[in-house]
Amino acid sequence: MRWRWTMAAIPAGLGLLAAWWMRTDQRPDPILHLRADLPAVITVLSLAFLIVSGVVLMTVSWVRRQAAKRVGEARFQAAEERRRLLRRLDHEFKNPLMAIRAGLANLVPALVDPAQQETAASIESQALRLGRLTADMRKLVELETRPLEQAQVDLAHMLEEVIAAAREQPEAQDRHLQLAVPRVPWPLPEVRGDGDLLALAVHNLVDNALKFSEPGSVVEVRGFEDGTAVVIEVADTGTGMPAEEIPLVWEELYRGRHARATSGSGIGLALVRAVVERHGGQVSIQSREGQGTVVRLRIPTR
Amino acid sequence: MVNRPRILLVDDEPAITTNLAAFLERTGFEVSVGQDGEEAITKLASLAPNLVVLDVLMPKLDGREVLRRLRQAGDWTPVILLTQVGESAERAMALEEGADDYLNKPFDPHELVARVRSVLRRARPGQPPLTSAHRLTSGALLLDRGSRRCWLGGAELVLTPKALALLEYLVTHPDELVSRDRLLDVVWGWDYPTGTRAVDTRIAELRRALDDDPAQPQYIETVPGQGYRYVGEVEVAP
(Lines give C-alpha, C1' and ligand atoms only; values in the text may rest on other atoms or scores of the structure.)
Protein backbone atom coordinates (compact mmCIF):
# COMPACT_ATOMS: atom_id res chain seq x y z
CA MET A 1 0.00 0.00 0.00
CA ARG A 2 2.84 2.40 0.91
CA TRP A 3 4.54 2.21 -2.50
CA ARG A 4 1.32 3.45 -4.12
CA TRP A 5 1.44 6.64 -2.05
CA THR A 6 5.09 7.05 -2.98
CA MET A 7 4.22 6.69 -6.68
CA ALA A 8 1.40 9.21 -6.28
CA ALA A 9 3.73 11.69 -4.56
CA ILE A 10 6.42 11.56 -7.29
CA PRO A 11 4.69 13.93 -9.84
CA ALA A 12 3.89 16.43 -7.07
CA GLY A 13 7.49 16.35 -5.84
CA LEU A 14 8.89 16.82 -9.35
CA GLY A 15 6.53 19.75 -10.00
CA LEU A 16 7.48 21.54 -6.79
CA LEU A 17 11.17 20.98 -7.54
CA ALA A 18 10.79 22.46 -11.04
CA ALA A 19 8.93 25.52 -9.67
CA TRP A 20 11.63 26.13 -7.07
CA TRP A 21 14.32 25.81 -9.73
CA MET A 22 12.60 28.31 -12.02
CA ARG A 23 12.21 30.85 -9.22
CA THR A 24 15.81 30.58 -8.03
CA ASP A 25 17.27 30.47 -11.55
CA GLN A 26 16.51 34.24 -11.93
CA ARG A 27 14.88 33.77 -15.28
CA PRO A 28 13.37 37.01 -16.52
CA ASP A 29 9.90 35.82 -17.23
CA PRO A 30 8.95 32.33 -16.11
CA ILE A 31 5.39 32.71 -17.44
CA LEU A 32 3.70 30.49 -20.01
CA HIS A 33 1.37 32.35 -22.34
CA LEU A 34 -1.31 30.23 -23.88
CA ARG A 35 -4.04 31.05 -26.34
CA ALA A 36 -6.81 28.55 -26.88
CA ASP A 37 -10.20 28.30 -28.51
CA LEU A 38 -12.69 28.41 -25.58
CA PRO A 39 -15.22 25.87 -27.00
CA ALA A 40 -12.30 23.50 -27.65
CA VAL A 41 -11.05 23.92 -24.06
CA ILE A 42 -14.54 23.25 -22.70
CA THR A 43 -14.90 20.16 -24.90
CA VAL A 44 -11.51 18.81 -23.84
CA LEU A 45 -12.21 19.52 -20.15
CA SER A 46 -15.64 17.91 -20.23
CA LEU A 47 -14.26 14.82 -22.00
CA ALA A 48 -11.44 14.64 -19.46
CA PHE A 49 -13.98 14.89 -16.64
CA LEU A 50 -16.07 12.16 -18.23
CA ILE A 51 -13.06 9.86 -18.45
CA VAL A 52 -11.95 10.54 -14.88
CA SER A 53 -15.43 10.04 -13.39
CA GLY A 54 -15.95 6.94 -15.53
CA VAL A 55 -12.73 5.42 -14.24
CA VAL A 56 -13.68 6.31 -10.64
CA LEU A 57 -17.18 4.82 -10.95
CA MET A 58 -15.90 1.64 -12.60
CA THR A 59 -13.26 1.21 -9.92
CA VAL A 60 -15.83 1.63 -7.13
CA SER A 61 -18.22 -0.91 -8.62
CA TRP A 62 -15.37 -3.34 -9.32
CA VAL A 63 -14.24 -3.07 -5.69
CA ARG A 64 -17.83 -3.67 -4.53
CA ARG A 65 -18.22 -6.68 -6.81
CA GLN A 66 -14.99 -8.14 -5.51
CA ALA A 67 -16.12 -7.65 -1.92
CA ALA A 68 -19.51 -9.29 -2.60
CA LYS A 69 -17.74 -12.16 -4.34
CA ARG A 70 -15.46 -12.63 -1.36
CA VAL A 71 -18.46 -12.66 1.02
CA GLY A 72 -20.22 -15.20 -1.21
CA GLU A 73 -17.11 -17.38 -1.37
CA ALA A 74 -16.65 -17.16 2.39
CA ARG A 75 -20.29 -18.16 2.94
CA PHE A 76 -20.01 -21.05 0.51
CA GLN A 77 -16.81 -22.16 2.18
CA ALA A 78 -18.36 -21.93 5.64
CA ALA A 79 -21.34 -24.02 4.46
CA GLU A 80 -18.98 -26.56 2.90
CA GLU A 81 -16.91 -26.75 6.08
CA ARG A 82 -20.07 -27.26 8.13
CA ARG A 83 -21.17 -30.05 5.79
CA ARG A 84 -17.74 -31.67 5.99
CA LEU A 85 -17.87 -31.51 9.78
CA LEU A 86 -21.33 -33.11 9.86
CA ARG A 87 -20.19 -35.86 7.46
CA ARG A 88 -17.10 -36.54 9.58
CA LEU A 89 -19.13 -36.64 12.78
CA ASP A 90 -21.50 -39.14 11.20
CA HIS A 91 -18.57 -41.19 10.01
CA GLU A 92 -16.68 -41.10 13.31
CA PHE A 93 -19.78 -42.02 15.33
CA LYS A 94 -20.81 -44.84 13.08
CA ASN A 95 -18.23 -47.46 14.01
CA PRO A 96 -18.38 -47.02 17.81
CA LEU A 97 -22.18 -47.11 17.66
CA MET A 98 -22.06 -50.22 15.50
CA ALA A 99 -19.73 -51.91 18.00
CA ILE A 100 -22.05 -50.97 20.89
CA ARG A 101 -25.10 -52.39 19.13
CA ALA A 102 -23.34 -55.59 18.13
CA GLY A 103 -22.00 -55.97 21.68
CA LEU A 104 -25.44 -55.52 23.16
CA ALA A 105 -26.93 -58.05 20.74
CA ASN A 106 -24.44 -60.56 22.18
CA LEU A 107 -24.94 -59.55 25.78
CA VAL A 108 -28.72 -59.28 26.07
CA PRO A 109 -29.62 -62.99 25.57
CA ALA A 110 -27.13 -63.94 28.31
CA LEU A 111 -28.70 -61.68 30.93
CA VAL A 112 -31.10 -63.31 33.37
CA ASP A 113 -31.37 -60.66 36.09
CA PRO A 114 -34.27 -58.31 35.23
CA ALA A 115 -32.34 -55.31 36.59
CA GLN A 116 -29.44 -56.07 34.24
CA GLN A 117 -31.84 -56.54 31.34
CA GLU A 118 -33.29 -53.15 32.10
CA THR A 119 -29.83 -51.57 32.10
CA ALA A 120 -29.01 -53.19 28.77
CA ALA A 121 -32.31 -51.97 27.32
CA SER A 122 -31.58 -48.42 28.42
CA ILE A 123 -28.06 -48.53 26.92
CA GLU A 124 -29.56 -49.81 23.70
CA SER A 125 -32.14 -47.04 23.53
CA GLN A 126 -29.42 -44.43 24.07
CA ALA A 127 -27.28 -46.00 21.34
CA LEU A 128 -30.30 -45.90 19.04
CA ARG A 129 -30.83 -42.25 19.91
CA LEU A 130 -27.25 -41.35 19.06
CA GLY A 131 -27.53 -43.34 15.86
CA ARG A 132 -30.68 -41.45 14.86
CA LEU A 133 -29.02 -38.15 15.60
CA THR A 134 -25.97 -38.84 13.42
CA ALA A 135 -28.18 -40.27 10.68
CA ASP A 136 -30.33 -37.12 10.82
CA MET A 137 -27.27 -34.93 10.44
CA ARG A 138 -26.14 -36.95 7.44
CA LYS A 139 -29.59 -36.67 5.91
CA LEU A 140 -29.51 -32.93 6.38
CA VAL A 141 -26.24 -32.73 4.46
CA GLU A 142 -27.62 -35.00 1.73
CA LEU A 143 -30.71 -32.87 1.50
CA GLU A 144 -28.66 -29.75 0.94
CA THR A 145 -26.57 -31.25 -1.83
CA ARG A 146 -28.31 -34.07 -3.70
CA PRO A 147 -30.44 -33.36 -6.79
CA LEU A 148 -34.06 -32.64 -6.01
CA GLU A 149 -36.91 -34.56 -7.60
CA GLN A 150 -38.92 -32.26 -9.85
CA ALA A 151 -42.60 -33.07 -10.14
CA GLN A 152 -45.87 -31.14 -9.92
CA VAL A 153 -46.98 -31.22 -6.28
CA ASP A 154 -50.62 -30.78 -5.31
CA LEU A 155 -50.05 -29.06 -1.97
CA ALA A 156 -53.70 -29.23 -0.84
CA HIS A 157 -53.69 -33.01 -1.30
CA MET A 158 -50.30 -33.26 0.39
CA LEU A 159 -51.54 -31.25 3.41
CA GLU A 160 -54.62 -33.47 3.71
CA GLU A 161 -52.40 -36.57 3.79
CA VAL A 162 -50.07 -35.09 6.40
CA ILE A 163 -53.01 -34.11 8.60
CA ALA A 164 -54.61 -37.54 8.22
CA ALA A 165 -51.34 -39.16 9.29
CA ALA A 166 -50.88 -36.74 12.19
CA ARG A 167 -54.41 -37.47 13.45
CA GLU A 168 -53.28 -41.03 14.11
CA GLN A 169 -50.61 -39.87 16.57
CA PRO A 170 -51.48 -40.23 20.26
CA GLU A 171 -50.89 -36.50 20.97
CA ALA A 172 -53.51 -35.60 18.35
CA GLN A 173 -56.29 -37.39 20.23
CA ASP A 174 -56.88 -34.59 22.76
CA ARG A 175 -55.93 -31.60 20.59
CA HIS A 176 -57.92 -29.86 17.87
CA LEU A 177 -56.11 -30.39 14.59
CA GLN A 178 -57.58 -28.33 11.74
CA LEU A 179 -56.77 -27.79 8.08
CA ALA A 180 -57.81 -24.76 6.03
CA VAL A 181 -57.10 -24.68 2.30
CA PRO A 182 -59.00 -22.66 -0.32
CA ARG A 183 -61.32 -24.46 -2.75
CA VAL A 184 -63.15 -21.51 -4.33
CA PRO A 185 -62.83 -19.59 -6.56
CA TRP A 186 -59.76 -21.64 -7.34
CA PRO A 187 -57.72 -24.21 -5.40
CA LEU A 188 -54.13 -23.83 -4.21
CA PRO A 189 -51.77 -23.72 -7.20
CA GLU A 190 -49.33 -26.59 -7.64
CA VAL A 191 -45.62 -26.15 -7.02
CA ARG A 192 -42.69 -27.95 -8.61
CA GLY A 193 -40.50 -30.07 -6.43
CA ASP A 194 -40.29 -33.14 -4.24
CA GLY A 195 -43.71 -33.80 -2.70
CA ASP A 196 -42.38 -36.30 -0.18
CA LEU A 197 -39.82 -33.86 1.15
CA LEU A 198 -42.39 -31.07 1.40
CA ALA A 199 -44.67 -33.47 3.27
CA LEU A 200 -41.77 -34.33 5.57
CA ALA A 201 -41.26 -30.61 6.31
CA VAL A 202 -44.94 -30.00 7.12
CA HIS A 203 -45.09 -33.21 9.12
CA ASN A 204 -42.17 -32.03 11.27
CA LEU A 205 -43.95 -28.74 11.98
CA VAL A 206 -47.26 -30.41 12.87
CA ASP A 207 -45.36 -32.86 15.06
CA ASN A 208 -43.67 -29.96 16.90
CA ALA A 209 -46.99 -28.14 17.28
CA LEU A 210 -48.54 -31.24 18.86
CA LYS A 211 -45.52 -31.84 21.10
CA PHE A 212 -45.23 -28.30 22.43
CA SER A 213 -48.88 -27.78 23.29
CA GLU A 214 -51.15 -28.88 26.11
CA PRO A 215 -54.16 -31.17 25.66
CA GLY A 216 -57.12 -29.07 24.46
CA SER A 217 -54.87 -26.79 22.36
CA VAL A 218 -55.65 -25.88 18.78
CA VAL A 219 -53.25 -26.72 15.95
CA GLU A 220 -54.20 -25.15 12.65
CA VAL A 221 -52.57 -25.79 9.27
CA ARG A 222 -53.38 -23.19 6.62
CA GLY A 223 -52.47 -22.93 2.97
CA PHE A 224 -53.01 -19.90 0.80
CA GLU A 225 -51.78 -18.21 -2.35
CA ASP A 226 -49.73 -15.05 -2.03
CA GLY A 227 -48.58 -13.50 -5.30
CA THR A 228 -46.23 -15.96 -6.98
CA ALA A 229 -45.94 -18.20 -3.93
CA VAL A 230 -47.94 -20.59 -1.80
CA VAL A 231 -47.74 -19.97 1.92
CA ILE A 232 -48.21 -22.82 4.37
CA GLU A 233 -48.70 -21.91 8.01
CA VAL A 234 -48.66 -24.24 10.98
CA ALA A 235 -50.06 -22.44 14.00
CA ASP A 236 -50.59 -23.66 17.54
CA THR A 237 -51.85 -22.36 20.87
CA GLY A 238 -48.94 -24.05 22.62
CA THR A 239 -46.22 -22.99 25.02
CA GLY A 240 -44.54 -20.60 22.56
CA MET A 241 -40.98 -19.46 23.11
CA PRO A 242 -39.11 -16.41 24.35
CA ALA A 243 -38.13 -13.77 21.76
CA GLU A 244 -34.38 -14.35 22.20
CA GLU A 245 -34.71 -18.01 21.14
CA ILE A 246 -36.51 -17.30 17.87
CA PRO A 247 -33.48 -16.51 15.66
CA LEU A 248 -31.73 -19.67 16.88
CA VAL A 249 -34.45 -22.26 16.29
CA TRP A 250 -33.46 -22.92 12.68
CA GLU A 251 -29.95 -24.03 13.67
CA GLU A 252 -29.29 -27.73 13.86
CA LEU A 253 -29.11 -29.24 17.35
CA TYR A 254 -30.57 -26.09 18.93
CA ARG A 255 -33.00 -26.91 21.71
CA GLY A 256 -35.07 -24.18 23.33
CA ARG A 257 -35.75 -23.98 27.05
CA HIS A 258 -39.17 -25.59 26.69
CA ALA A 259 -37.88 -28.15 24.21
CA ARG A 260 -35.39 -29.73 26.59
CA ALA A 261 -38.09 -31.69 28.37
CA THR A 262 -39.46 -33.09 25.12
CA SER A 263 -37.96 -35.91 23.08
CA GLY A 264 -36.59 -35.12 19.65
CA SER A 265 -33.29 -34.77 17.88
CA GLY A 266 -33.17 -30.98 17.58
CA ILE A 267 -32.71 -31.33 13.85
CA GLY A 268 -36.36 -30.97 12.79
CA LEU A 269 -36.50 -27.25 12.03
CA ALA A 270 -33.08 -27.23 10.33
CA LEU A 271 -34.46 -29.96 8.08
CA VAL A 272 -37.63 -27.96 7.39
CA ARG A 273 -35.57 -24.94 6.41
CA ALA A 274 -33.30 -27.01 4.16
CA VAL A 275 -36.30 -28.52 2.34
CA VAL A 276 -37.98 -25.15 1.80
CA GLU A 277 -34.77 -23.43 0.69
CA ARG A 278 -34.07 -26.21 -1.80
CA HIS A 279 -37.46 -25.32 -3.30
CA GLY A 280 -36.38 -21.69 -3.58
CA GLY A 281 -38.59 -20.66 -0.66
CA GLN A 282 -38.23 -19.05 2.73
CA VAL A 283 -39.18 -19.91 6.29
CA SER A 284 -40.15 -17.62 9.14
CA ILE A 285 -41.45 -18.00 12.64
CA GLN A 286 -43.46 -15.91 15.06
CA SER A 287 -43.94 -16.93 18.65
CA ARG A 288 -45.21 -15.51 21.92
CA GLU A 289 -44.43 -17.21 25.19
CA GLY A 290 -47.59 -18.66 26.69
CA GLN A 291 -49.67 -17.89 23.59
CA GLY A 292 -48.34 -20.03 20.81
CA THR A 293 -46.29 -20.22 17.64
CA VAL A 294 -46.85 -19.87 13.93
CA VAL A 295 -44.32 -21.17 11.41
CA ARG A 296 -44.63 -19.92 7.85
CA LEU A 297 -43.27 -21.64 4.74
CA ARG A 298 -43.24 -19.65 1.52
CA ILE A 299 -42.79 -21.77 -1.60
CA PRO A 300 -42.63 -20.11 -5.01
CA THR A 301 -45.03 -21.49 -7.62
CA ARG A 302 -42.55 -20.93 -10.43
CA MET B 1 -23.34 -78.89 13.46
CA VAL B 2 -22.86 -79.49 9.77
CA ASN B 3 -23.42 -77.32 6.75
CA ARG B 4 -23.42 -74.03 8.53
CA PRO B 5 -23.03 -71.29 5.92
CA ARG B 6 -19.53 -69.80 5.99
CA ILE B 7 -19.35 -66.03 6.23
CA LEU B 8 -16.29 -63.84 5.78
CA LEU B 9 -16.69 -60.66 7.80
CA VAL B 10 -14.30 -57.87 6.79
CA ASP B 11 -13.98 -54.65 8.76
CA ASP B 12 -10.96 -52.76 10.08
CA GLU B 13 -12.60 -52.09 13.44
CA PRO B 14 -11.88 -55.01 15.83
CA ALA B 15 -14.63 -53.86 18.22
CA ILE B 16 -17.12 -54.47 15.42
CA THR B 17 -15.74 -57.72 14.02
CA THR B 18 -15.37 -59.31 17.48
CA ASN B 19 -18.94 -58.54 18.48
CA LEU B 20 -20.57 -59.17 15.11
CA ALA B 21 -18.67 -62.41 14.55
CA ALA B 22 -19.83 -63.74 17.92
CA PHE B 23 -23.39 -62.70 17.13
CA LEU B 24 -23.38 -64.32 13.69
CA GLU B 25 -21.85 -67.50 15.14
CA ARG B 26 -24.66 -67.67 17.66
CA THR B 27 -27.30 -67.27 14.97
CA GLY B 28 -26.00 -70.28 13.09
CA PHE B 29 -23.13 -69.22 10.81
CA GLU B 30 -19.48 -70.11 10.63
CA VAL B 31 -17.57 -66.84 10.68
CA SER B 32 -14.04 -65.84 9.63
CA VAL B 33 -12.77 -62.33 10.10
CA GLY B 34 -10.62 -60.12 7.88
CA GLN B 35 -9.14 -56.77 8.91
CA ASP B 36 -8.63 -55.10 5.55
CA GLY B 37 -9.17 -55.43 1.82
CA GLU B 38 -6.00 -57.41 1.10
CA GLU B 39 -6.83 -59.94 3.79
CA ALA B 40 -10.32 -60.16 2.29
CA ILE B 41 -8.86 -61.16 -1.09
CA THR B 42 -6.55 -63.83 0.35
CA LYS B 43 -9.19 -65.27 2.69
CA LEU B 44 -11.75 -65.32 -0.10
CA ALA B 45 -9.42 -67.54 -2.09
CA SER B 46 -8.44 -69.83 0.79
CA LEU B 47 -11.77 -70.18 2.61
CA ALA B 48 -14.29 -70.00 -0.27
CA PRO B 49 -17.01 -68.52 1.95
CA ASN B 50 -20.70 -68.67 1.02
CA LEU B 51 -21.06 -64.94 1.62
CA VAL B 52 -18.90 -61.88 2.37
CA VAL B 53 -19.91 -58.97 4.59
CA LEU B 54 -17.66 -56.17 3.43
CA ASP B 55 -17.12 -52.74 4.95
CA VAL B 56 -16.49 -50.01 2.39
CA LEU B 57 -13.99 -47.78 4.19
CA MET B 58 -10.89 -49.78 5.01
CA PRO B 59 -7.14 -49.27 4.84
CA LYS B 60 -4.97 -50.71 2.05
CA LEU B 61 -7.81 -51.79 -0.22
CA ASP B 62 -11.32 -50.48 0.32
CA GLY B 63 -14.46 -52.59 0.08
CA ARG B 64 -15.41 -51.19 -3.33
CA GLU B 65 -12.07 -52.17 -4.82
CA VAL B 66 -12.25 -55.67 -3.32
CA LEU B 67 -15.71 -56.13 -4.82
CA ARG B 68 -14.58 -54.80 -8.22
CA ARG B 69 -11.61 -57.16 -8.37
CA LEU B 70 -13.75 -60.07 -7.29
CA ARG B 71 -16.36 -59.46 -9.99
CA GLN B 72 -13.75 -58.77 -12.65
CA ALA B 73 -12.25 -62.15 -11.86
CA GLY B 74 -15.68 -63.71 -12.43
CA ASP B 75 -16.16 -64.53 -8.74
CA TRP B 76 -19.87 -64.16 -7.88
CA THR B 77 -19.67 -64.97 -4.16
CA PRO B 78 -22.57 -63.01 -2.64
CA VAL B 79 -21.44 -59.75 -1.05
CA ILE B 80 -23.25 -57.48 1.40
CA LEU B 81 -21.66 -54.04 1.42
CA LEU B 82 -21.73 -51.93 4.53
CA THR B 83 -22.25 -48.54 2.95
CA GLN B 84 -24.53 -45.55 2.84
CA VAL B 85 -27.45 -46.73 0.77
CA GLY B 86 -29.41 -43.53 1.06
CA GLU B 87 -27.46 -41.62 -1.53
CA SER B 88 -28.48 -42.42 -5.06
CA ALA B 89 -24.90 -42.15 -6.33
CA GLU B 90 -23.88 -44.81 -3.82
CA ARG B 91 -26.77 -46.99 -4.90
CA ALA B 92 -25.83 -46.69 -8.55
CA MET B 93 -22.25 -47.55 -7.66
CA ALA B 94 -23.32 -50.61 -5.70
CA LEU B 95 -25.19 -51.72 -8.81
CA GLU B 96 -22.14 -51.16 -11.01
CA GLU B 97 -19.96 -53.12 -8.65
CA GLY B 98 -22.31 -56.05 -8.28
CA ALA B 99 -23.08 -56.06 -4.57
CA ASP B 100 -25.97 -58.33 -3.59
CA ASP B 101 -27.24 -56.03 -0.89
CA TYR B 102 -26.15 -53.17 1.29
CA LEU B 103 -26.66 -51.95 4.83
CA ASN B 104 -26.07 -48.67 6.58
CA LYS B 105 -23.96 -48.55 9.74
CA PRO B 106 -25.01 -48.60 12.52
CA PHE B 107 -27.57 -51.30 11.79
CA ASP B 108 -29.54 -53.70 13.91
CA PRO B 109 -27.47 -56.94 13.98
CA HIS B 110 -30.71 -58.88 13.53
CA GLU B 111 -31.27 -56.97 10.29
CA LEU B 112 -27.86 -58.18 9.07
CA VAL B 113 -28.87 -61.77 9.80
CA ALA B 114 -32.11 -61.27 7.86
CA ARG B 115 -30.17 -59.77 4.89
CA VAL B 116 -27.60 -62.60 4.97
CA ARG B 117 -30.35 -65.24 4.95
CA SER B 118 -32.26 -63.68 2.09
CA VAL B 119 -29.12 -63.13 0.00
CA LEU B 120 -28.10 -66.75 0.54
CA ARG B 121 -31.59 -67.86 -0.46
CA ARG B 122 -31.54 -65.69 -3.60
CA ALA B 123 -27.99 -66.58 -4.61
CA ARG B 124 -27.59 -68.66 -7.76
CA PRO B 125 -24.17 -70.34 -7.49
CA GLY B 126 -21.60 -68.99 -9.93
CA GLN B 127 -24.02 -66.50 -11.47
CA PRO B 128 -24.28 -62.73 -11.16
CA PRO B 129 -26.91 -61.58 -8.64
CA LEU B 130 -30.10 -59.88 -9.85
CA THR B 131 -28.90 -56.73 -8.08
CA SER B 132 -26.07 -56.35 -10.56
CA ALA B 133 -28.09 -57.18 -13.72
CA HIS B 134 -28.75 -54.27 -16.04
CA ARG B 135 -31.93 -55.64 -17.61
CA LEU B 136 -34.51 -57.71 -15.79
CA THR B 137 -37.79 -59.26 -16.90
CA SER B 138 -40.71 -60.38 -14.85
CA GLY B 139 -43.75 -61.59 -16.77
CA ALA B 140 -44.74 -58.80 -19.14
CA LEU B 141 -42.49 -56.35 -17.32
CA LEU B 142 -39.06 -55.34 -18.62
CA LEU B 143 -36.84 -53.14 -16.50
CA ASP B 144 -33.73 -51.47 -17.92
CA ARG B 145 -31.81 -50.26 -14.93
CA GLY B 146 -29.03 -48.63 -16.92
CA SER B 147 -31.34 -46.23 -18.77
CA ARG B 148 -33.86 -46.14 -15.90
CA ARG B 149 -36.82 -47.08 -18.12
CA CYS B 150 -39.38 -49.84 -17.98
CA TRP B 151 -41.95 -51.42 -20.27
CA LEU B 152 -45.07 -53.47 -19.75
CA GLY B 153 -45.96 -55.71 -22.69
CA GLY B 154 -43.79 -53.56 -24.96
CA ALA B 155 -45.40 -50.25 -23.96
CA GLU B 156 -43.16 -47.92 -22.00
CA LEU B 157 -44.38 -47.00 -18.51
CA VAL B 158 -44.13 -43.44 -17.29
CA LEU B 159 -43.14 -43.59 -13.64
CA THR B 160 -41.90 -41.01 -11.16
CA PRO B 161 -38.22 -41.48 -10.20
CA LYS B 162 -39.23 -42.67 -6.70
CA ALA B 163 -41.70 -45.23 -8.04
CA LEU B 164 -39.04 -46.54 -10.43
CA ALA B 165 -36.46 -46.81 -7.64
CA LEU B 166 -39.03 -48.62 -5.53
CA LEU B 167 -39.88 -51.04 -8.35
CA GLU B 168 -36.17 -51.62 -8.92
CA TYR B 169 -35.59 -52.53 -5.29
CA LEU B 170 -38.60 -54.88 -5.20
CA VAL B 171 -37.72 -56.61 -8.49
CA THR B 172 -34.13 -57.18 -7.37
CA HIS B 173 -35.35 -58.65 -4.06
CA PRO B 174 -38.04 -61.05 -5.25
CA ASP B 175 -39.97 -63.23 -2.85
CA GLU B 176 -38.63 -61.28 0.09
CA LEU B 177 -40.73 -59.55 2.72
CA VAL B 178 -39.54 -55.93 2.73
CA SER B 179 -40.75 -53.61 5.48
CA ARG B 180 -41.92 -50.08 4.71
CA ASP B 181 -39.11 -48.75 6.92
CA ARG B 182 -36.50 -50.59 4.89
CA LEU B 183 -38.01 -49.24 1.65
CA LEU B 184 -38.01 -45.71 3.04
CA ASP B 185 -34.41 -46.14 4.05
CA VAL B 186 -33.14 -47.48 0.73
CA VAL B 187 -35.33 -45.57 -1.73
CA TRP B 188 -35.99 -42.27 0.03
CA GLY B 189 -32.86 -42.14 2.14
CA TRP B 190 -34.76 -41.02 5.23
CA ASP B 191 -37.58 -42.23 7.37
CA TYR B 192 -40.03 -40.67 9.77
CA PRO B 193 -42.97 -42.09 11.66
CA THR B 194 -45.63 -41.25 9.09
CA GLY B 195 -43.33 -41.55 6.09
CA THR B 196 -44.63 -45.05 5.49
CA ARG B 197 -47.60 -43.35 3.81
CA ALA B 198 -45.22 -42.11 1.14
CA VAL B 199 -44.35 -45.75 0.45
CA ASP B 200 -48.01 -46.75 0.20
CA THR B 201 -48.69 -43.87 -2.22
CA ARG B 202 -45.88 -44.98 -4.55
CA ILE B 203 -46.89 -48.64 -4.32
CA ALA B 204 -50.40 -47.56 -5.39
CA GLU B 205 -48.83 -45.66 -8.32
CA LEU B 206 -46.87 -48.79 -9.31
CA ARG B 207 -49.94 -51.00 -9.10
CA ARG B 208 -51.90 -48.62 -11.32
CA ALA B 209 -49.07 -48.56 -13.85
CA LEU B 210 -48.63 -52.35 -13.76
CA ASP B 211 -52.41 -52.91 -13.72
CA ASP B 212 -51.83 -55.13 -10.69
CA ASP B 213 -54.82 -56.15 -8.59
CA PRO B 214 -53.83 -56.02 -4.87
CA ALA B 215 -56.36 -58.77 -4.14
CA GLN B 216 -54.73 -61.09 -6.67
CA PRO B 217 -51.28 -59.63 -7.23
CA GLN B 218 -49.06 -60.71 -10.09
CA TYR B 219 -46.25 -58.39 -9.04
CA ILE B 220 -46.55 -56.70 -5.65
CA GLU B 221 -48.19 -58.35 -2.68
CA THR B 222 -49.15 -56.53 0.51
CA VAL B 223 -48.19 -58.37 3.67
CA PRO B 224 -50.64 -56.89 6.17
CA GLY B 225 -48.98 -55.05 9.03
CA GLN B 226 -45.48 -55.91 7.76
CA GLY B 227 -44.70 -54.57 4.32
CA TYR B 228 -44.55 -55.74 0.73
CA ARG B 229 -43.30 -58.71 -1.20
CA TYR B 230 -42.47 -58.97 -4.90
CA VAL B 231 -44.18 -62.17 -6.05
CA GLY B 232 -43.37 -62.15 -9.79
CA GLU B 233 -40.77 -64.51 -11.27
CA VAL B 234 -37.67 -62.43 -12.08
CA GLU B 235 -35.03 -63.26 -14.69
CA VAL B 236 -32.01 -61.54 -16.13
CA ALA B 237 -32.85 -60.24 -19.62
CA PRO B 238 -30.29 -60.40 -22.45
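Residue numbering restarts at 1 for every chain, and letters A, B, ... go by the order of the sequence lines.
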Apply side-chain contact (heavy atoms from CB on, under 4.5 Å) to A:Thr134 and B:Lys105, showing your working. CA-CA 11 Å; A:Thr134 52; B:Lys105 274 183 183 175; over 6 Å; no

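- A:Met98 CE to B:Asp55 CG: the interatomic distance, rounded to the nearest 0.5 Å, is 10.5 Å.
- Scanning for side-chain contact (heavy atoms from CB on, under 4.5 Å) contacts around B:Pro224 gives an empty result, with sequence neighbours left out.
- Residue B:Thr17: no heavy atom, backbone or side chain, is found under 4.5 Å from chain A.
- When all heavy atoms of B:Asn19 and A:Ala99 are compared, the closest pair comes out as ND2-O, 3.6 Å.
- Heavy-atom neighbours of A:Glu118 CD from other residues, nucleotides or ligands within 6.0 Å: at or below the threshold of 12.
- Inspection of non-hydrogen atoms places A:Arg101, A:Ala102, A:Gly103, A:Ala105, A:Asn106, A:Pro109 of residues 101-112 of chain A under 4.5 Å from chain B.
- Residue B:Leu112 does not touch chain A at all, counting heavy-atom pairs closer than 4.5 Å.
- Within a 6.0 Å sphere centred on CG of B:Asp200, other residues, nucleotides and ligands contribute more than 12 heavy atoms.
- Within the 4.5 Å cutoff, no side-chain heavy atoms of B:Leu82 are placed close to those of A:Lys94.
- A salt bridge links A:Glu149 with B:Arg202; the closest basic N to acidic carboxylate O contact falls under 4.0 Å.
- Other residues, nucleotides and ligands place no more than 12 heavy atoms under 6.0 Å from the CD atom of A:Glu214.
- For chain B, the nearby parts of A:Ala164 are the backbone and the side chain; heavy atoms of each come within less than 4.5 Å.
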